[in-house]
Each structure stands twice: as C-alpha cells, then as structure tokens.
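Each residue takes its place number in the sequence, starting with 1. When a ligand or atom number is given, it counts from 1 through the structure's own listing order.
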Amino acid sequence: MIVTRFAPSPTGLLHLGHAFAAITAYQAGDDFLLRIEDIDASRSRETFIEAIFLDLKWLGLSWDEPVMRQSRRLDAYRAALDQLSQQGVTYPCFCTRADIAREIARAGDAPHAGDDAQVYPGTCRALSANVRQARIAAGEAYAIRLDVQKALALTGPLTFLEQGQPRDADPAPGGDVVIARKDMPTSYHLSVVVDDAAQNVTLVTRGEDLLAATPVQRLLQALLGLPEPQYAHHRLVLDRDGRKFSKRDTTITLKALRDMGKTPADIRARIAV
Ligand code: GLU
C-alpha cells in the first residue's frame, strides 16, 4: 500500500503550486495524509490552517484523520534529538545569521546549497567542550547542528530511491544543517523525517525545489533507524512569467480564484493534473 502526504506550512493561503502538490500526492497514494508543518510559531496562523482544510476539500481531496500538527509533537522531536546527541553527531551552534555571513565573506567564498540557503562554514564545530559549556552556562542562545561528516562516518554512503531509481544521497554539499533551532527543539529536516516515519509514509511526493533536502533527510533516517520512504519530486507550477509562485502573490491563491468564480475543474486544467 502506498501512503503519501501533503505537508503545507500554514504561513499563507494555498496557491496553484500547493494545489498541484496536494493533488499529485493524492493521486499517487492509496492512502493520503495531511500534515500541518506549523513549527514556525511566528509565521503560522490558525486561520491559514482552516483555509487549508477548506481549499483541499473544495478541490475534492479527503484524508485520514486526525491531521498531524507538528506544533503538538515537540516531545517526539526532543526524543529524536536526544538519540542523535547520544550518537555524538550534533553540536551547539551559537552563530547568528550575521556571524555566518561574516565568516563566509572572510573565507572569500560563498558555498551555496541552492535556494538561497548559505552552507554553514562550520564555525562552532571546532569549539572545545569547555567553551561550549561556558557559553551555554552564560545563557547564550544556540541551535543544534548535525555534524554531517561524523554522521556519515557512522552510516557509510547512502542512497535513496527517486521515482524508483537509486541515487547517491550525499549530504556533504549542504553542510552541517540545523536540526534544532534556537527557539525550538526541532527544525524542518528533523520534523519531516520523524513525522514521515510516524505516519508510515512510504512515498514522499514534493516539489523539486526540495530535492536538495533529501540527502540529509536520508542521513537522519539512517541515524535514527527509521524506515526509508521512496521519493518522487515533481515539477513546480510556474506563474505566467516563469517564476515560482510565492505566498506573497495573493492574486493566485485558491481562495482568490474561487471568489473569482473558478471551479476545481478550472484549477486542475490550469495546472494540468
Ligand atoms: N512544509 C514544506 C513546505 O511547505 C514541505 C515539506 C516536505 O514536503 O518535505 O514547503
């Protein structure tokens, strides 16, 4: 049985790109789940969650209840984080965004993980245990990062299945990602991996902009001893100028299109699913 999911962040109204992602997941699965990725408390809104339910129902989708909400799963993320820290593959990172930008500028190059994500230059990886303890004791805020090289030394080389074809899962180019933010015992990567396993998702369908996130997520699955889902990254729906839809563009939200008199059939025709 193929279990798929749609996992929106409730930080805006759904647009045509989301409709494509949701319908793609729905059509690919025997069982279709919905997960609300609301760990970003400053940007997530209850009204957007209600709007997600409404828009998806309007499109004709249905899903298994209860809907998983990440903001209610912090204990599960803490447990995964503990498991990783016991394996010695994590470290506290005290850097601010400005520190990271400065360090990259100083080193004279700007490695890029794609999609504007700067690769972390590893500044805090080298701190001694004493310095770490002193800074934590002094109350400095810190995130937790995954030491990717140490982690790979434990797991060995990994692969993942993309549309049934094996691909190398090399997370090294993405650097030491954050697995717990300064204000949260988790991050996007950790939550997705823990939740896909908890929901028994067997096929992850999502936009190709997240293909670059898959190697490190595969690494986390291997470290945590979680099952390995298959992947099918899909094309992105572009606007008429060939750009990715943005949550800031309110003219193409499903709500706006519905209010304009468009039908679910019009939406499907527009995005060709
Ligand atoms: N929550 C993510 C987003 O809205 C999707 C996560 C995923 O599919 O892995 O882009």
Handout entry: Short side-chain to backbone donor-acceptor contact, Gln163 and His233, under 3.5 Å
Key = yes

Handout entry: Ligand-residue contact atoms, ligand 1 with Ala7, heavy atoms, under 4.0 Å
Key = 1 (N), 2 (C), 3 (C), 4 (O), 5 (C)

Exercise for the section: Look only at interatomic distance and state if Glu37 has a nitrogen or oxygen under 3.5 Å from any nitrogen or oxygen of ligand 1. Expected result: yes

Fill in the blank from the handout: Here the atoms of ligand 1 under 4.0 Å from any heavy atom belonging to Arg206 are 7 (C), 8 (O), 9 (O)

Completion exercise
d(Arg69 CZ, Glu37 CD) to nearest 0.5 Å is 12.5 Å

Practice task
Run the numbers for me: atoms of ligand 1, each under 4.0 Å from some heavy atom of Tyr188, listed by number.
Solution key: 6 (C), 7 (C), 9 (O)

Exercise for the section: Report yes if Ser9 has an N/O atom closer than 3.5 Å to an N/O atom of ligand 1; otherwise report no. Expected result: yes

Problem - Residue-ligand contact Arg5/ligand 1, heavy atom below 4.0 Å - result: yes

Exercise for the section: Taking the six-membered ring of Tyr142 (Phe, Tyr or Trp), confirm whether the NZ or CZ of Arg135 is under 6.0 Å from its centre and within 45° of its axis. Expected result: no

Exercise for the section: Using the six-membered ring of Phe160, assess whether NZ or CZ of Arg218 lies under 6.0 Å from its centre and within 45 degrees of the ring axis. Expected result: no

Handout entry: Arg235 to Phe20 six-membered ring, cation-pi geometry met (6.0 Å, 45°)
Key = yes

